[in-house]
> 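Okay, handing you the structure first.
Residue numbers count from 1 along this sequence. Any value given below was found using the heavy atoms of this structure, including those in side chains, with hydrogens, waters and symmetry copies removed. None of these values were measured; they are calculated from a predicted model.
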Amino acid sequence: MRLNSPQINLITKACAKASRSLIRDFGEIENLQVSKKGPGDFVTSADKRTEKILIDELQKAHPEYGIITEETGIINKSNLKNRWIIDPIDGTMNFLNGIPQFAISVGYEEEGEIKCGVIFNPIMNEMFCAEKGNGAFLNNKRIRVSNKKNLKDAIVVTGGPKGASKIREKIFSEYVNISNNVSNVRKFGSAALDMAYVACGRFDAYWQREINYWDIAAGIIILKEAGGFVNFFEEDINFPLKKNIIGSNSNIHEKLSELLNKKDIE
Ligand code: LIP
């Protein structure tokens, strides 16, 4: 692999270390599913365990860096220059149900821009990495977005809405509208992997409303470095960590954005 910044090396090592305990924890899920207690609390602790390993590893090198994490929240709040953006298990619901479609996702942000990131599915042993200017890789192989030209032929992936969403109806009508204009829509339950799969051409596009920044931070640079386009729409400055995102190959990006911005689906 031709990625060589100190940050990507740190993230890769931290992910590899955290994945060992995550794989052990995933092995436990099967037993817990049939037990009376169920896997609920166990998953929360697996999330925290994985996050702690990632934080410890990254902090060893840079105790002063800011960190945004799903479980702990924000560390070193005043450092907005250098930040790690961490989701220890993206796809928690899949993990909880013994479905191996989840990943560790870690991005590195400098002056507000994601510079590098890793999305690692430890069960499939698939590590997606990218660094600004140096391309995107799946394990050691260079990846690129698909070359699909027409939106009507595209396989598009999405997620949500969450139970608590106030715009469930809008999200559902958007889903119908997009479905009517593409070949097929998929919902796989891990935004990080959704973006990684667009980056390597398995899917042609991804969109989602109300997604947390830590779910997609690493995906942003991986998808861009794979030749894809990423943009955010209807941003709410009061909730900077909640995003509405579109990511796709460059051919269909404009058409998909137009569809999502149409007034009649509001
Ligand atoms: C989940 C996602 C999933 C998305 C959910 C959620 P978590 O992340 O990646 O695809 O639809 O909104 O945020 O909670 O498993 O880290």
> Other members of the hydrophobic cluster containing Ile171, with the 4.5 Å side-chain heavy-atom rule, please.
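The other cluster members (ILVMFWY side chains, heavy atoms under 4.5 Å, direct or chained) are Ile167.
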> Among Pro122, Pro100, Ser21, find the one that has a side-chain contact (heavy atoms from CB on, under 4.5 Å) with Phe26.
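Result for side-chain contact (heavy atoms from CB on, under 4.5 Å) with Phe26: Pro100.
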> Counting heavy atoms not belonging to Phe232, are there more than 12 under 6.0 Å from its CZ?
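Atom CZ in Phe232 is crowded, with more than 12 foreign heavy atoms closer than 6.0 Å.
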> Just by distance, with hydrogens left out, do Thr69 and Glu51 show a side-chain donor and acceptor under 3.5 Å apart?
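There is such a pair between these side chains.
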> Please determine if Lys243 forms a cation-pi arrangement with Tyr213, meaning its NZ or CZ atom is less than 6.0 Å from the six-membered ring centre and no more than 45° off the ring axis.
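Relative to the ring axis of Tyr213, which defines the angle, Lys243 lies inside both limits.
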> Under 3.5 Å, is there a donor-acceptor pair between the side chain of Asn139 and the main chain of Asn125?
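Yes; judged by distance alone, with no hydrogens or angles, the pair exists.
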> Between Arg168 and Glu174, is there a side-chain N and carboxylate O pair less than 4.0 Å apart?
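Glu174 and Arg168: not salt-bridged.
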> Using 4.0 Å as the upper bound for N to carboxylate O, is an ion pair formed by Glu126 and Arg202?
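Result for this pair is yes, salt bridge flagged.
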> With no hydrogens and no angle check, just 3.5 Å: does a side-chain donor-acceptor pair link Thr158 and Gln208?
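Per modelled atom types, Thr158 and Gln208 side chains form no pair under 3.5 Å.
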> Quick check on the 6.0 Å ring-centre criterion: do Tyr206 and Tyr197 meet it?
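They do not qualify: ring centres at least 6.0 Å apart.
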> Do Glu109 and Arg83 meet the salt-bridge criterion of a basic N to acidic O distance under 4.0 Å?
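Yes, Arg83 and Glu109 are salt-bridged.
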> Under 4.0 Å between a side-chain nitrogen and a carboxylate oxygen: does that hold for Lys115 and Glu113?
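Counted as a salt bridge, because a side-chain N and a carboxylate O are separated by less than 4.0 Å.
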> Mind checking what makes salt bridge (Lys or Arg N to Asp or Glu O under 4.0 Å) contact with Lys60, not counting sequence neighbours?
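Expected list: Glu57.
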> Give me the ring orientation class for Phe95 and Phe102: parallel if the planes are under 30° apart, tilted from 30 to 60°, perpendicular past 60°.
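The rings of Phe95 and Phe102 stand perpendicular, inter-plane angle above 60°.
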> Which label fits Phe229 and His253: parallel for a plane angle under 30°, tilted from 30 to 60°, or perpendicular past 60°?
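Geometry flag for His253 against Phe229: perpendicular rings.
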> Do you know which of Asn121, Asn94, Asp90 makes side chain to side chain donor-acceptor pair (under 3.5 Å) with Ser190?
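Result for side chain to side chain donor-acceptor pair (under 3.5 Å) with Ser190: Asp90.
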> Answer yes when Lys148 and Asp204 have at least one side-chain N-carboxylate O distance shorter than 4.0 Å, and no when they do not.
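Result for this pair is yes, salt bridge flagged.
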> Can you measure from OG (Ser105) to CD1 (Ile86) and round to the nearest 0.5 angstrom?
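These two atoms lie 9.5 Å from each other.
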> Got more than 12 heavy atoms from elsewhere within 6.0 Å of CD, Glu235?
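For Glu235, atom CD is crowded (more than 12 foreign heavy atoms under 6.0 Å).
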